[in-house]
2 protein chains.
Amino acid sequence: MARMSADERRERLVEAAITVMTRDGVARATTRAIVAEAEMPLGVFHYCFASKKELVEQVIGTINAHAVSRVMAMTDTRATFRESLRASVQGYWEHVLTHPAEHMLTYELTQYALRQPGFEGVARTQYELYLGTLTAFLDDIANRLAVTYELPTPVLARYLMTVVDGLTLNWIILGGEPEAAAVLDHVTDHVAGLVRERS
Amino acid sequence: MARMSADERRERLVEAAITVMTRDGVARATTRAIVAEAEMPLGVFHYCFASKKELVEQVIGTINAHAVSRVMAMTDTRATFRESLRASVQGYWEHVLTHPAEHMLTYELTQYALRQPGFEGVARTQYELYLGTLTAFLDDIANRLAVTYELPTPVLARYLMTVVDGLTLNWIILGGEPEAAAVLDHVTDHVAGLVRERS
DNA sequence: GTCTATAGGAAGATAGAC
DNA sequence: GTCTATCTTCCTATAGAC
């Protein structure tokens with residue numbers, strides 16, 4: 001009854017796992033719930049993956065790849081730094097507003113990784129990845145527009161990551177779109193004020 | 001063998017639960033692990049608490065009370081707004097640096113509450129509490145020093161909460177004290193620049 | 001590879017002797 | 001109230017027929 005290759009089953013199981021985790025939370029994404037979501041019998045699980053750990057690793061890899069390519073795609077260079085930053089930040093924020101559950105899942109997986117033996121480095125790698133992507137974004141835009149920053153790029157990148165990450169988290173919990181958008185606008189303007197023409 | 005009142009047992013079990021959650025994570029804080037930490041037999045649990053849910057509610061209540069009284073105590077009014085804000089923020093940051101596990105637990109409990117049926121409102125209440133406390137802090141300091149803010153207080157409070165919460169989270173995961181402190185200093189200075197003498 | 005059936009263990013909660 | 005022993009359920013993982 002080989003209706004589908006093991007590779008395709010693996011892909012579908014990872015997708016199903018993400019669906020279940022997004023809908024019901026990481027803790028409820030049991031092997032049973034995942035195979036049920038993928039409409040496969042339970043026994044399938046362990047000839048597609050050696051263990052549940054192996055599946056979760058692939059889930060985290062997939063989620064991270066999505067997040068990074070999202071940030072990459074958000075680079076939106078316009079005529080001025082202010083406009084470029086605003087466009088990029090708004091692109092990100094749009095995604096948060098339309099896909100809150102996806103962002104919530106990344107927070108959950110970070111926590112999961114921080115506690116799960118065998119995933120010790122994963123949370124750190126995840127945040128280093130975000131920070132690196134943001135740093136590259138700032139460098140890229142500085143080069144294209146021939147500007148420099150008043151603050152060291154690592155500090156500026158950390159600042160942006162802090163605001164974006166912190167605001168995403170508290171918006172997921174509290175809502176309050178007007179205040180959240182106001183904070184984001186204020187920070188965008190403030191950061192644009194830290195830019196100098198390259199001499 | 002009544003060596004201790006049921007009330008005292010309850011208190012000790014809540015303490016033990018916090019110890020286990022801080023050390024091993026919320027998911028590993030099982031009734032068995034908690035009574036073992038408190039050095040009590042398993043059967044004790046269910047005549048002290050009707051269910052595990054009841055214990056977790058008390059744990060969250062205790063943690064929140066700690067957090068709020070910490071923010072209250074951090075209000076540190078000096079001669080100028082800048083100095084007051086700096087002193088208060090440094091007081092908070094000092095606590096993060098010396099008690100990271102405690103702060104990590106609050107993030108874990110927030111996630112737990114967001115997913116656990118019966119705790120739907122708890123995460124929101126928690127963040128509203130933080131935001132309210134920060135707003136009160138800003139109002140208080142504005143009154144004492146007879147100043148106003150360029151931004152509406154709700155937006156400013158949200159901005160501060162975002163930065164403080166986001167930075168705490170990414171410092172727990174990434175470390176990098178110099179950059180984190182630089183971000184905090186920068187934000188403190190920036191916010192101090194948003195203050196006007198009351199006319 | 002594919003599936004059913006089940007092992008083996010840990011979770012929350014309860015029964016019932018004292 | 002106090003404790004031991006146990007119930008029920010659900011988890012990951014495996015055994016073994018096809």
Side-chain angles (χ1 to χ4, degrees), chain A residues 1-21 23-60 108-109 111-113 115-119 122, chain B residues 1-21 23-60 108-109 111-113 115-119 122:
Chain A
M1 283 288 200
R3 291 219 310 261
M4 166 184 330
S5 78
D7 267 355
E8 192 179 342
R9 280 189 196 268
R10 259 183 283 274
E11 264 181 56
R12 295 212 187 184
L13 283 169
V14 170
E15 270 178 50
I18 293 175
T19 302
V20 175
M21 286 178 177
R23 188 185 55 218
D24 305 325
V26 173
R28 285 183 182 71
T30 63
T31 52
R32 283 173 160 82
I34 293 164
V35 295
E37 179 68 32
E39 296 181 321
M40 297 178 193
L42 178 56
V44 165
F45 194 92
H46 281 90
Y47 66 82
C48 286
F49 300 99
S51 68
K52 196 186 167 186
K53 181 169 182 275
E54 204 173 287
L55 169 84
V56 176
E57 279 163 1
Q58 293 204 26
V59 165
I60 293 178
E108 259 191 286
L109 284 172
Q111 296 274 359
Y112 179 87
R115 290 297 192 184
Q116 201 67 15
F119 287 86
V122 173
Chain B
M1 286 285 203
R3 291 219 311 259
M4 170 185 325
S5 77
D7 267 355
E8 193 179 343
R9 279 190 195 269
R10 260 182 283 274
E11 263 182 56
R12 295 212 186 185
L13 283 170
V14 170
E15 269 178 50
I18 293 175
T19 302
V20 175
M21 285 178 178
R23 189 186 55 219
D24 305 324
V26 172
R28 286 181 183 72
T30 62
T31 53
R32 284 171 164 81
I34 292 165
V35 296
E37 180 67 32
E39 296 181 320
M40 296 178 193
L42 178 57
V44 165
F45 194 93
H46 282 91
Y47 65 83
C48 286
F49 301 98
S51 68
K52 197 186 167 187
K53 180 169 183 274
E54 204 174 287
L55 169 83
V56 175
E57 279 164 1
Q58 292 203 26
V59 165
I60 292 178
E108 260 191 285
L109 284 172
Q111 297 274 357
Y112 179 86
R115 289 298 192 183
Q116 201 66 15
F119 286 85
V122 173

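Numbered from 1 within each chain, the chains take letters A, B, ... in sequence-line order. Note that these values count all heavy atoms, side chains included, but never hydrogens, waters or copies made by symmetry.
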Rounding to 10°, can you tell me the angle the first-five-pair axis of the helix from C:dG1-D:dC18 to C:dC18-D:dG1 makes with its last-five-pair axis?
20°
Mind calculating the distance between CZ (B:Phe49) and C1' (C:dT14) to the nearest angstrom?
18 Å
Looking only at D:dA13, C:dG12, D:dC3, the nucleotide nearest the B:Arg32 side chain is C:dG12
Return the nearest nucleotide to the side chain of B:Ser51; candidates are C:dA13, C:dC3, C:dG12.
C:dA13
So if I take every side-chain heavy atom of B:Thr30 and compare against D:dC3, D:dG1, C:dA11, which nucleotide ends up nearest?
C:dA11
Between OG1 on residue B:Thr19 and CG on residue B:Leu13, distance to nearest 0.5 Å
11.0 Å
Roughly how far, to the nearest 0.5 Å, is CZ of A:Phe49 from CD of A:Glu57?
10.5 Å
Just how far, in rounded Å, is P of D:dC10 from CG of A:Asp24?
15 Å
Quick one: is C:dT14 close enough that its OP1 or OP2 comes under 4.0 Å of any side-chain N or O from B:His46?
no
Whole-Å distance separating the CZ atom of B:Phe45 from the P atom of C:dA11
13 Å
Quick one: B:Met40 CE to D:dC3 P, roughly how many Å, whole number?
9 Å
To the nearest angstrom, how far is A:Lys53 atom NZ from D:dA13 atom P?
11 Å
Rounded off to whole Å, could you give me the NZ-to-P distance for the B:Lys52 and C:dT14 pair?
15 Å
Interatomic spacing from CD in B:Gln58 to CD1 in B:Ile18 - rounded to 0.5 Å
10.0 Å
Return yes if some donor-acceptor pair links the side-chain N/O of B:Glu108 with the main-chain N/O of B:Val26 below 3.5 Å, else return no.
yes
Please tell me which of B:Ala6 and B:Gly43 maps to the more 5' nucleotide of DNA chain D, matching each residue to the nucleotide holding its nearest heavy atom.
B:Ala6
Counting heavy atoms from C-beta on, name the nucleotide in C:dT6, D:dT2, C:dG12 closest to the side chain of A:Leu42.
C:dT6
Between CZ of A:Arg12 and C1' of C:dG1 the distance, given in whole Å, is 17 Å
Under 4.0 Å between a side-chain N/O of A:Arg9 and OP1 or OP2 of C:dG1, yes or no?
no
Is B:Arg10 near enough to D:dG1 that one of its side-chain N or O atoms lies under 4.0 angstrom from OP1 or OP2?
no
Quick one: does B:Met40's side chain get under 4.5 Å of B:Arg9's, heavy atoms only?
yes
Euclidean distance, A:Arg23 CZ relative to A:Arg28 CZ, rounded to 0.5 Å:
11.5 Å
Length of the line joining A:Tyr47:OH and D:dC18:C1', which is rounded to integer Å
13 Å
Between CG of A:Leu55 and NE2 of A:His46, what distance do you get to the nearest 0.5 Å?
9.5 Å
Considering only C:dC3, D:dT4, C:dA13, which nucleotide approaches the side chain of B:Pro41 most closely?
D:dT4
